[in-house]
Novice: 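Structure incoming, see below.
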Amino acid sequence: MVLTAKEEILDALCRATKLDDIPLTEGGGHADFASTVAFVLAKREKSAPAPIAAEIARSLAKDPTLAGITITATGPYLNFTIGTERLTRALAAALEPGYGALPSKDTRVVLEHTSANPNGPLHVGHIRNSIIGDTLARCFRKAGFPVEVQYYVNDMGRQIAIVVWGLGRATSLPDPNEKPDHYIARVYIAANRALEEDPGLTTAVDSLMQRVEQGDPGVERQFRDAVSRCLAGFSVTLRDLAVPHDRFVWESDFIRNGDTSRIIGQLRHLPGYHVDGKEYLDLREQGFDKEYVIRRSDGTSVYAARDLAYHTWKGRNFDRVIDVLGADHKLIGAQLIATLHLMGEKTPDIVHFEFVSLPEGAMSTRAGTFVSADDLIREVSMRALDEVTTRRPELSEEERTVIARAVARAAIRYDIIRISPDKSTVFNWKEALNFERQSGPYIQYAHARACSILAKAGDWQPTYEIVTTHEVALARHIARFPAVIEETAMTLRPGLLAVYARELADHFNAFYQFEPVLGSEGATRESRITLVRAAQNTLHEALETLGIDALRSM
RNA sequence: GGGCUUGUGGCUUAGCUUGGACAUAGCGCCGGGCUUCUAACCCGGAUGUCGGGGGUUCAAAUCCCCCCAGGCCCGCCA
């Protein structure tokens with residue numbers, strides 16, 4: 001509703017001002033939309049902006065396409081307020097399950113996220129990737145796109161060779177209840193320590209790497225087994241966070257199926273390609289100083305070559321390619337894009353996120369200095385269970401556990417998604433364990449309150465009498481939801497949805513505080529129940545899109 | 001050394017792409033509100049040189065330049 005209103009306003013402004021590029025923004029506290037176009041005209045015509053704004057407002061008031069939108073000139077500003085009729089239409093839509101979903105589109109999207117190296121458990125930095133990626137995937141689906149989510153399994157790296165070598169030495173076995181990814185980390189850490197103490201041992205690791213690239217079946221199996229054990233651990237963590245993948249794509253497959261060789265063959269035709277022992281691409285014309293090495297002098301491939309093969313494959317099988325990658329991949333991501341561009345292949349849109357560190361410094365799997373996602377989930381779940389037990393002692397332990405798990409997931413996911421990806425952060429236990437405002441549980445709570453009212457409401461008929469300021473503010477915010485889904489997907493900024501959901505909870509809570517629903521009578525009661533249902537449904541849809549369970553009771 | 005990026009009240013943070021109306025909110029602090037739809041809530045208050053300096057503009061947190069500080073990257077690793 002609001003989406004089309006915005007376009008209609010833009011069209012009308014274009015006609016009225018004869019300008020192509022009209023400034024039109026969210027109106028904030030003033031209106032639904034606002035325009036500063038009068039300033040532009042004032043400059044051109046060398047006259048005061050306020051009278052121009054007034055003149056435009058008068059002219060737009062006669063425009064039939066803007067029926068139901070109130071246009072006012074406040075000084076030099078043009079304000080547009082969506083009228084009750086349009087608001088009513090939006091609320092009616094908001095009562096329906098699936099509200100906010102946009103029309104289906106044909107553009108097939110492949111979205112890669114997480115893709116952590118399988119040499120130890122996912123830590124609080126990795127899940128920033130998972131949560132950004134999963135939220136975007138949910139947003140794209142909501143926006144009508146067919147989406148396939150992929151995990152790119154780096155199973156050919158030196159790290160994995162070190163794990164395989166460490167497993168072979170079998171200095172310690174898994175503890176009875178130890179998750180396999182945590183065991184792999186112990187092996188990896190111990191193996192690295194041994195290699196540091198005796199650098200001569202690295203020849204064994206080098207040999208493993210050569211044999212796996214040559215396709216030695218026994219070594220290939222060892223690599224696959226080690227990686228699979230770690231991925232089995234990841235899948236538990238990702239399930240706890242409600243982060244699903246549609247497909248796991250193994251890096252080594254691009255060696256085995258010949259794609260990497262074919263890509264290198266293709267690259268040799270590029271003007272900047274050089275072979276002098278090693279093979280590399282000169283990207284200086286694209287603004288990169290360093291040689292982009294594609295193949296080592298011993299003939300083995302490097303990560304970059306396999307990545308080119310992977311992205312070429314994605315580009316040929318999907319219409320749009322999106323990757324979520326750590327900030328450490330910015331340079332190679334740019335090189336990848338530049339090279340794909342030279343090859344005439346589709347280039348990905350890459351969402352980069354900055355690192356999460358600990359108060360004592362950077363996290364490192366190799367050094368064993370990290371907070372695992374499993375530890376975070378366990379601590380937050382325990383804290384959530386305490387909270388639920390205090391508030392709802394009458395519930396069974398099973399019910400409380402189910403709620404606590406959902407609350408924990410909400411707290412973790414929201415705590416991460418609300419921070420802009422381009423901000424590096426320091427992990428903070430106090431923030432992670434906070435369930436108050438600006439948290440996932442806060443939004444869940446608003447939803448549970450709405451559900452509670454609806455459960456007691458009995459029969460009611462949709463009624464639309466949006467009168468009080470709290471009612472209007474809530475209704476307007478509900479009406480914006482489809483536009484927020486659209487913008488989040490278009491701009492690849494999941495934080496927009498996070499902020500929207502929190503503001504929706506804010507508006508609902510204010511309405512809840514000041515406008516009695518069940519205690520009011522007649523049309524007011526019906527109308528407020530209608531608004532509660534619209535708010536509850538919109539909160540539900542927004543939470544689900546954030547990967548957070550919309551609890552009916554907590 | 002070069003590149004990318006961030007710097008907003010004591011702490012955390014939105015806004016920056018598309019310059020405009022009193023800079024968003026939370027935590028913490030002070031003061032209120034549960035015989036009334038779940039107080040994981042709400043209301044009020046104090047707290048800001050939007051890192052510093054220059055520039056563009058009628059107008060700059062937002063655009064440009066310089067400087068300072070933090071993070072990341074600069075491997076025939078992945």
Novice: The criterion is salt bridge (Lys or Arg N to Asp or Glu O under 4.0 Å); which residues satisfy it with Asp349(A), sequence neighbours excluded?
Specialist: Arg320(A)
Novice: Looking for any heavy atom pair under 4.0 Å, which part of the strands does Arg525(A) touch: base, sugar-phosphate only, or nothing?
Specialist: nothing
Novice: Salt bridge (Lys or Arg N to Asp or Glu O under 4.0 Å) with Glu394(A): which residues, sequence neighbours excluded?
Specialist: Arg392(A)
Novice: Please report the distance separating the C1' of rA69(B) from the corresponding atom of rU8(B), rounded so that it comes out in whole Å.
Specialist: 15 Å
Novice: Mind checking ring pair (Phe, Tyr, Trp, His ring centres under 6.0 Å) for Tyr273(A) and listing every partner two or more places apart, or none if nothing turns up?
Specialist: none
Novice: If each of Leu78(A) and Lys330(A) is mapped to the nucleotide of RNA chain B with the nearest heavy atom, which maps nearer the 5' terminus, i.e. the 5' end?
Specialist: Lys330(A)
Novice: Assign each of Ala510(A) and Arg502(A) to its nearest nucleotide of RNA chain B by heavy atoms, then name whichever residue's nucleotide is nearer the 5' end.
Specialist: Arg502(A)
Novice: Round to the nearest Å and state the distance from Phe33(A) atom CZ to rA21(B) atom C1'.
Specialist: 18 Å
Novice: Check every atom of rC74(B), rA21(B), rC37(B) against the side chain of Thr74(A) and return the nucleotide holding the closest atom.
Specialist: rA21(B)
Novice: With P as the reference atom in both, quote the distance from rG53(B) to rU49(B) in angstrom, rounded to an integer.
Specialist: 12 Å
Novice: Under the rule for side chain to side chain donor-acceptor pair (under 3.5 Å), what residues qualify as partners of Thr469(A), not counting sequence neighbours?
Specialist: none
Novice: Across the strands shown, which category fits Ala34(A) at heavy-atom distances under 4.0 angstrom: base, sugar-phosphate, nothing?
Specialist: base
Novice: Which protein N or O atoms sit under 3.5 Å from an N or O of nucleotides 75-78 of chain B?
Specialist:
| unit_1 | atom_1 | unit_2 | atom_2 | d |
| --- | --- | --- | --- | --- |
| rG75(B) | OP2 | Lys290(A) | NZ | 2.7 |
| rC76(B) | O3' | Arg296(A) | NE | 3.4 |
| rC76(B) | O2 | Ser297(A) | N | 2.9 |
| rC76(B) | O2 | Ser297(A) | OG | 2.8 |
| rC76(B) | N3 | Ser297(A) | OG | 2.5 |
| rC77(B) | OP2 | Arg296(A) | NE | 2.6 |
| rC77(B) | OP2 | Arg296(A) | NH2 | 3.0 |
| rC77(B) | O3' | Arg296(A) | NH2 | 3.4 |
| rA78(B) | OP1 | Arg296(A) | NH2 | 2.7 |
| rA78(B) | OP2 | Tyr303(A) | N | 3.1 |
| rA78(B) | O3' | Glu251(A) | OE1 | 3.4 |
| rA78(B) | O2' | Asn117(A) | OD1 | 3.2 |
| rA78(B) | O2' | Asn117(A) | ND2 | 3.3 |

Novice: Can you list, in residue-number order, the parts of residues 38-53 of chain A that come under 4.0 Å of RNA chain B, counting heavy atoms only?
Specialist: Phe39(A), Lys43(A)
Novice: Kindly write out the residues that satisfy salt bridge (Lys or Arg N to Asp or Glu O under 4.0 Å) with Arg525(A), not counting sequence neighbours, or none if the list is empty.
Specialist: none
Novice: Using Watson-Crick or G-U wobble geometry with both distances below 3.5 Å, tell me the partner of rC22(B), or none.
Specialist: none
Novice: Could you tell me which residues satisfy ring pair (Phe, Tyr, Trp, His ring centres under 6.0 Å) with His477(A), sequence neighbours excluded, listed by chain and number?
Specialist: Tyr500(A), His507(A)
Novice: Quick one: list whatever passes side chain to side chain donor-acceptor pair (under 3.5 Å) with Glu387(A), sequence neighbours left out.
Specialist: Arg383(A), Arg391(A)
Novice: Between rA61(B) and rU56(B), how far apart are the two P atoms, rounded to whole Å?
Specialist: 16 Å
Novice: Side chain of Asp506(A): nearest nucleotide among rC42(B), rC27(B), rU5(B)?
Specialist: rC42(B)
Novice: Can you tell me which nucleotide in rC72(B), rG28(B), rC43(B) comes closest to the side chain of Glu436(A)?
Specialist: rG28(B)
Novice: Between rU36(B) atom C1' and Glu515(A) atom CD, what is the distance in whole Å?
Specialist: 15 Å
Novice: Who passes side chain to side chain contact (heavy atoms under 4.5 Å, CB included) against Glu526(A), sequence neighbours left out?
Specialist: Trp460(A), Gln461(A), Thr463(A)
Novice: Count the heavy atoms of every other residue, nucleotide or ligand shown that sit under 6.0 Å from CD of Glu360(A), and state whether that count exceeds 12.
Specialist: yes
Novice: Using a 4.0 Å heavy-atom cut-off, does Val388(A) contact any base of the nucleic acid, only the sugar-phosphate backbone, or nothing at all?
Specialist: base
Novice: Under 4.0 Å between any heavy atoms, over every strand shown, what does Asn79(A) touch: base, sugar-phosphate, or nothing? Just pick one.
Specialist: base
Novice: Tell me every residue that passes salt bridge (Lys or Arg N to Asp or Glu O under 4.0 Å) with Arg158(A), counting only those two or more places apart in sequence or in another chain.
Specialist: Asp206(A)
Novice: Distance check, P atoms only: rG28(B) and rU12(B), in whole angstrom units.
Specialist: 15 Å
Novice: What is the distance, rounded to the nearest whole Å, between atom CZ of Phe353(A) and atom P of rC73(B)?
Specialist: 12 Å
Novice: Hey, are Arg437(A) and Asp506(A) close enough for a salt bridge, meaning a charged N less than 4.0 Å from a carboxylate O?
Specialist: yes
Novice: So what's rC4(B) paired with, Watson-Crick or G-U wobble, going by both distances under 3.5 Å?
Specialist: rG71(B)
Novice: State the pairing partner of rC34(B); accept Watson-Crick or G-U wobble contacts with both distances under 3.5 Å, and report none otherwise.
Specialist: none
Novice: Given the C1' atoms of rU47(B) and rG9(B), what is the spacing between them in whole Å?
Specialist: 5 Å
Novice: Using a cut-off of under 3.5 Å, enumerate the N/O to N/O pairs linking the protein to nucleotides 8-19 of chain B.
Specialist:
| unit_1 | atom_1 | unit_2 | atom_2 | d |
| --- | --- | --- | --- | --- |
| rA14(B) | OP1 | Ser420(A) | N | 2.9 |
| rA14(B) | OP2 | Lys423(A) | NZ | 2.2 |
| rG15(B) | OP1 | Arg493(A) | NH2 | 3.1 |
| rC16(B) | OP2 | Arg493(A) | NH2 | 3.3 |

Novice: Could you give the distance separating rG71(B) and rG31(B) at their C1' atoms, to the nearest angstrom?
Specialist: 40 Å
Novice: Take atom CG of Leu325(A) and atom C1' of rC72(B), then tell me their distance rounded to the nearest Å.
Specialist: 14 Å
Novice: Taking the side chain as every heavy atom from C-beta outward, state whether Tyr152(A) and Glu251(A) have any atom pair closer than 4.5 Å.
Specialist: yes
Novice: Mind checking the C1' distance from rA21(B) to rA39(B)? Whole angstroms is fine.
Specialist: 36 Å
Novice: For a quick check of understanding: with a heavy-atom distance under 4.0 Å over all strands, which category does Pro23(A) fall into, base, sugar-phosphate or nothing?
Specialist: nothing
Novice: Using a cut-off of 6.0 Å, state whether more than 12 heavy atoms not belonging to Arg193(A) lie near its atom CZ.
Specialist: no
Novice: To the nearest Å, how far apart are Tyr442(A) OH and rA39(B) P?
Specialist: 13 Å
Novice: Please work out if Ala448(A) contacts a base, only the sugar-phosphate, or nothing of the nucleic acid, heavy-atom cut-off 4.0 Å.
Specialist: base
Novice: Which is true for Tyr280(A) with a 4.0 Å heavy-atom rule: it touches a base, it touches only sugar-phosphate, or it touches nothing?
Specialist: nothing
Novice: Measuring only the P atom in each nucleotide, how far is rC64(B) from rU6(B)? A whole number of Å is fine.
Specialist: 11 Å
Novice: Ignoring hydrogens, what is the shortest heavy-atom contact between His126(A) and Ala116(A)? Give both atom names and the distance.
Specialist: CD2-CB, 3.7 Å
Novice: Write down the distance between CG (Asp289(A)) and P (rC4(B)), rounded to a whole number of angstrom.
Specialist: 11 Å
Novice: May I have the distance from Phe514(A) (atom CZ) to rU36(B) (atom C1'), rounded to whole angstrom?
Specialist: 14 Å
Novice: Send over the distance from Leu433(A) CG to rG28(B) P, rounded to a whole Å.
Specialist: 14 Å
